[in-house]
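Hydrogens, waters and symmetry mates are skipped; everything else that's a heavy atom, side chains included, is used.
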Amino acid sequence: MKAKDDINYRTIGLYLGIVIICGFLILGRAVYVMTVEGSKWRSLAFVNVPTKPVSLAPNRGDICADDGRILATSVPFYEIRFDPIAVKKEVFQENIDSLAYCLSKFFRDGSKSFYKEKLTRARSAKHPNRYLLINKRKVNHTELKIIRQFPIFRLGKNKGGFQTIVSNKRLQPHVNLAVRTIGYLNESTSGIQEGRVGLEAAFENELKGEEGEGIKRMMSGTWMVLPEREPVDGHDIVTTINVDYQDIVQHALKKQLEKSNATHGSAILMEVKTGDIKAIANMAKISNGQYIESQNFAISGAGEPGSVIKVASFIALLEDGIITPDDTIDLGETGKYLFKKTQLSEAHGGLGKVTVQQMLEKSANGIAKLVYDNYKDRPEKFVDRWYSMGLNNKTGICLPGEAEPLIKYPTDKTWSGISLPWMAFGYESKLTPLQILAFYNAIANDGQRMRPRLVKEVRNHGQVVASFDTEEIGGRICSRKSLAGIRRMLEGVVENGTGKNIYTTKYKIAGKTGTSRIASTNGGGYVPNSYRASFVGYFPADKPLYSCIVVIDNPRNGYYATTVSAPVFREIADKVYSMAYVQYGELEYETDKSLPVCKNGLKEDFKVILNELDINVDGWGNVNETDWVMTVSNEGENIIVKPNVVNFTTVPNVKGMGLRDALFVLENSSLKVGVVGAGMVRSQSLQPGSDVPRGSYIHIELR
């Protein structure tokens with residue numbers, strides 16, 4: 001018995017030894033194949049397996065409103081496919097009726113028997129369709145979650161044959177809101193969706209992201225995509241558009257377009273201090289009578305501006321000292337003016353004697369006579385004034401397609417004997433609504449032009465990667481004195497003139513009406529009974545917050561701007577002002593009322609500077625006989641000027657002067673000057689009024 005047990009133990013030990021040795025041999029061989037021969041076998045793994053190189057599309061960035069709300073985003077949609085061979089026969093037969101019923105009820109384009117036959121035929125064919133398209137309609141993510149719970153499909157891909165192909169679709173959640181400005185995508189020649197108009201086109205490079213690379217390989221009868229380089233998602237852009245204001249502007253414009261049966265129109269709302277476009281609406285009538293955004297007329301619709309540009313003519317006359325708002329002008333009793341055998345008439349007959357302010361309030365065409373009488377021998381001086389206001393330049397907005405403004409110059413071939421007077425009241429020139437608004441916005445913004453801004457930032461996953469600051473363009477359009485005059489005149493238009501129908505006691509509106517004929521696109525003449533009605537201005541007029549323009553083309557039920565465009569402006573202003581009041585409370589602005597520190601110096605320099613700063617000055621009548629003045633403040637209310645007698649035969653008093661004036665006076669007194677410090681002169685080494693030899697040295701200290 002003992003011998004038998006010994007034999008058993010020996011047999012078991014031998015068996016275990018052989019198993020262990022074989023295990024080590026197998027493990028060693030496996031390690032050898034994986035490490036030494038691994039690359040060889042991996043390279044052969046997919047020999048003769050069909051592959052295709054593919055591009056992996058990135059997620060396109062979002063376009064956001066000023067508060068982050070989405071204006072345009074890419075949403076995934078899914079194509080539903082089915083591999084019937086992946087499903088066991090008994091499972092398929094047991095659940096096919098239920099699946100067909102669910103598909104019929106969901107898509108509502110075929111009966112239960114239609115879907116059952118389609119699925120059964122795909123499975124029983126000689127060559128089964130392992131990539132069957134269930135329905136041409138793509139479904140969203142919510143619908144996909146529902147379909148995943150259908151019989152058979154709920155088993156997943158490997159057991160239920162359920163397959164999806166995802167693709168992104170560009171959507172604008174606020175349907176029909178600023179559609180043309182936001183833009184849309186079109187398929188390029190390479191089959192890629194890219195921005196074609198609006199912000200989608202202007203920021204294509206930032207939004208599109210970077211494509212990845214992958215391989216599409218046939219595996220188990222199904223094409224699988226294996227990524228090799230992951231795509232990089234596009235950046236988001238944050239616009240200046242306010243969704244609530246956009247809705248207000250668009251609704252008011254559309255309502256008036258329908259009421260007046262116009263062909264198209266546009267409206268823009270801009271923030272005065274920044275130039276930010278808070279809303280921009282463009283609508284055109286299509287064949288079925290509906291109004292849609294088919295073209296961005298606000299930036300591309302250049303046309304003769306009409307009476308709204310008379311303001312630029314008045315500014316030119318004010319700047320050149322030809323008129324003041326209170327001057328009286330005799331326009332005659334006939335209301336007719338003759339220029340080179342071409343007659344111009346007032347819209348409502350002769351006006352007789354009126355003030356300059358009343359001319360603008362009544363939108364008198366007599367401005368053409370006033371300009372012609374004063375600039376006919378020097379028309380370039382008038383046009384240069386317009387150029388200095390920036391009217392001949394594009395605004396430089398980031399959107400593509402801004403039309404070039406047309407402001408003729410006397411040397412142009414098209415300049416004629418009537419070009420000057422016709423330009424003065426809004427013809428023989430072309431401007432877009434945005435270009436006109438930018439000009440009026442400068443009037444509201446203390447004379448400073450701002451570049452219209454539509455995009456504030458570019459972001460990547462919430463982090464700012466680029467920002468676009470507010471930008472001043474050019475200098476101020478005119479002096480403060482002229483600006484004060486024209487702003488008072490624009491307020492008068494609404495209080496007493498052609499815009500009186502939109503006057504309100506709740507807040508002040510300043511603006512100008514404009515009604516102009518529309519030129520024929522075929523060249524020569526005007527389209528019969530075709531007009532453009534415009535109103536442009538800003539509010540509240542005493543502390544401007546927003547500027548706005550409304551332009552309506554071809555209104556059929558009345559065409560005067562007073563009754564067509566002005567009411568749209570008023571509706572927009574009322575609602576926007578109310579919202580701003582709720583948000584900010586009383587629209588008060590802190591102002592620095594302290595007077596600047598003034599150095600002593602030349603009288604003429606002081607006149608220019610203090611007039612430009614609109615600072616009250618007392619004592620001009622006391623300094624008529626001297627070229628040099630000294631200044632003192634009067635309890636912070638105004639500045640008093642006093643004569644500063646400079647005698648070049650003795651040591652002059654240069655205390656309180658700046659360095660330039662001090663050097664001029666001292667060197668003209670034949671003194672050699674030494675200087676220490678910066679600022680204004682506080683002390684001088686030689687006593688003022690003393691007699692010293694020519695060429696003496698004087699030391700001055702500035703601080």
* Asked: Got K310 and N365 here, is their nearest side-chain heavy-atom distance under 4.5 Å?
  -> yes

* Quick one: salt bridge (charged side-chain N to carboxylate O under 4.0 Å, His left out) pairs with a partner in residues 389-401, sequence neighbours left out? -> K394-E404

* Structure fact -> From the list K254, K255, K259, salt bridge (Lys or Arg N to Asp or Glu O under 4.0 Å) with E571 holds only for K255

* Asked: Is there a donor in the side chain of S363 and an acceptor in the side chain of S307, or the other way round, less than 3.5 Å apart?
  -> yes

* Structure fact -> Heavy atoms of C548 and I572 approach each other most closely as SG-CD1, 4.1 Å

* **Residue pairs, two or more places apart or on separate chains, that pass salt bridge (charged side-chain N to carboxylate O under 4.0 Å, His left out) and touch residues 503-522** => E491-K508

* Asked: Got a donor-acceptor contact below 3.5 angstrom from the T240 side chain to the I277 backbone?
  -> yes

* **For Y440, all residues meeting ring pair (Phe, Tyr, Trp, His ring centres under 6.0 Å), sequence neighbours excluded** => none

* Give the minimum heavy-atom separation between Y409 and D384, together with the two atoms involved. => OH-OD1, 3.0 Å

* **Non-neighbouring partners of N296 that pass side chain to side chain donor-acceptor pair (under 3.5 Å), sequence neighbours left out** => N282

* Asked: With a 4.5 Å heavy-atom cut-off, do P305 and S429 have their side chains touching?
  -> yes

* Rounded to the nearest 0.5 Å, what's the gap from CG on N242 to CG on L269? Could you check? => 8.5 Å

* Structure fact -> CD1 of I473 to OG1 of T395, rounded to nearest 0.5 Å, is 7.0 Å

* Any donor-acceptor pair under 3.5 Å from S565 side chain to A561 backbone -> no

* For L317 and Y375, run side-chain contact (heavy atoms from CB on, under 4.5 Å): C-alpha distance rounded to whole Å, both residues' side-chain angles, the deciding distance at 0.1 Å, then the answer. => CA-CA 10 Å; L317 291 161; Y375 293 100; 3.5 Å; yes

* Asked: Which value, rounded to the nearest 0.5 Å, describes the distance between D574 atom CG and I509 atom CD1?
  -> 6.5 Å

* Could you grab the distance from atom NZ of K575 to atom CD1 of I248, nearest 0.5 Å is fine? => 6.5 Å

* Exercise: identify the closest heavy-atom pair between A178 and Q250 -> N-OE1, 3.1 Å

* To do: Check side chain to side chain donor-acceptor pair (under 3.5 Å) between S416 and all other residues, then give those that pass, not counting sequence neighbours.
  => S419

* When you look at NZ of K369, are more than 12 heavy atoms from neighbouring residues, nucleotides or ligands closer to it than 6.0 Å? -> no

* Got a sec, which pairs hit ring-ring contact (aromatic ring centres under 6.0 Å, His included) with one end in residues 290-327, sequence neighbours left out? -> H264-F297

* Is there side-chain contact between V551 and I549, with heavy atoms separated by less than 4.5 Å? -> yes

* Heavy-atom closest pair, residues I367 and A424 -> CG2-O, 3.9 Å

* 4.5 Å side-chain heavy-atom contact, V494 and F569 -> no

* Would you mind reporting whether T274 and M450 have side-chain heavy atoms less than 4.5 Å apart? => no

* Is there a side-chain contact between S482 and I477 (heavy atoms, below 4.5 Å)? -> no

* Asked: Who are the side-chain contact (heavy atoms from CB on, under 4.5 Å) partners of K413, not counting sequence neighbours?
  -> none

* **Candidate pair R453 and E271, rule side-chain contact (heavy atoms from CB on, under 4.5 Å), full reasoning** => CA-CA 10 Å; R453 185 171 69 153; E271 194 172 69; over 6 Å; no

* Can you sort out the partners of F664 under side-chain contact (heavy atoms from CB on, under 4.5 Å), two or more places apart, ordered by chain and number? => W628, N668

* Asked: Does the pair R488/D326 count as a salt bridge with the N-to-O cut at 4.0 Å?
  -> yes

* Structure fact -> On a heavy-atom basis, the closest approach of Q256 and V564 is NE2-O, 2.6 Å

* Under 3.5 Å, is there a donor-acceptor pair between the side chain of N441 and the main chain of G275? -> no

* Asked: Can you find a heavy atom in the side chain of R378 that is under 4.5 Å from one in the side chain of E380?
  -> yes

* Does atom NZ of K285 have more than 12 heavy-atom neighbours, drawn from other residues, nucleotides or ligands, at distances under 6.0 Å? -> yes

* R180 with E293: basic N within carboxylate O range, under 4.0 Å -> no

* Answer with yes or no whether the side chains of E402 and T432 bring together a donor and an acceptor at under 3.5 Å. => no

* Under the side-chain contact (heavy atoms from CB on, under 4.5 Å) criterion, do L331 and M359 qualify, and how do the steps go? -> CA-CA 9 Å; L331 297 178; M359 285 181 65; 4.1 Å; yes

* Asked: Could you walk me through whether E361 and E495 pass the side-chain contact (heavy atoms from CB on, under 4.5 Å) check?
  -> CA-CA 9 Å; E361 290 175 353; E495 292 174 1; over 6 Å; no

* Structure fact -> Rounding to 0.5 Å, atoms CD (Q246) and NE2 (H251) come to a distance of 13.5 Å

* If you round to the nearest 0.5 Å, how far is CD1 of I268 from CG of L434? -> 4.5 Å

* Identify the two heavy atoms, one from R556 and one from N261, that lie closest to each other, and give their separation to 0.1 Å. => CG-O, 3.2 Å

* Test K456 against D276 for salt bridge (Lys or Arg N to Asp or Glu O under 4.0 Å), laying out the working first. => CA-CA 9 Å; K456 297 190 294 185; D276 285 357; 5.9 Å; no

* Asked: Is there a donor in the side chain of Y387 and an acceptor in the side chain of N393, or the other way round, less than 3.5 Å apart?
  -> no

* To do: Could you check whether the rings of F339 and W422 sit parallel, tilted or perpendicular, using 30° and 60° as the cut-offs?
  => perpendicular

* To do: With sequence neighbours left out, write down each residue that passes side-chain contact (heavy atoms from CB on, under 4.5 Å) with A312, or none if nothing qualifies.
  => I309, W386, M389, L391, F439

* Taking side-chain contact (heavy atoms from CB on, under 4.5 Å) as the test, write out the residues that go with I286, two or more places apart. => N288, Q290, I292

* Asked: Within the side chain of D373, is there an N or O that forms a donor-acceptor pair under 3.5 Å with the backbone of L370?
  -> no

* **Selection residues 332-344 - residue pairs positive for side-chain hydrogen bond (donor to acceptor under 3.5 Å, both in side chains), sequence neighbours left out** => Y337-E346

* **Side-chain touch V493/T498, heavy atoms, less than 4.5 angstrom** => yes

Result block: side-chain N/O donor-acceptor pairs under 3.5 angstrom for residues 527-538, not counting sequence neighbours:
unit_1	atom_1	unit_2	atom_2	d
S530	OG	N554	OD1	2.2
R532	NE	D553	OD1	3.0
R532	NH2	D553	OD2	3.3

* Asked: Does any N or O in the side chain of N445 come within less than 3.5 Å of the main-chain N or O of Q448, such that one atom is a donor and the other an acceptor?
  -> yes

* Asked: Do you see a donor-acceptor pair shorter than 3.5 Å between the side chains of D542 and Y507?
  -> no

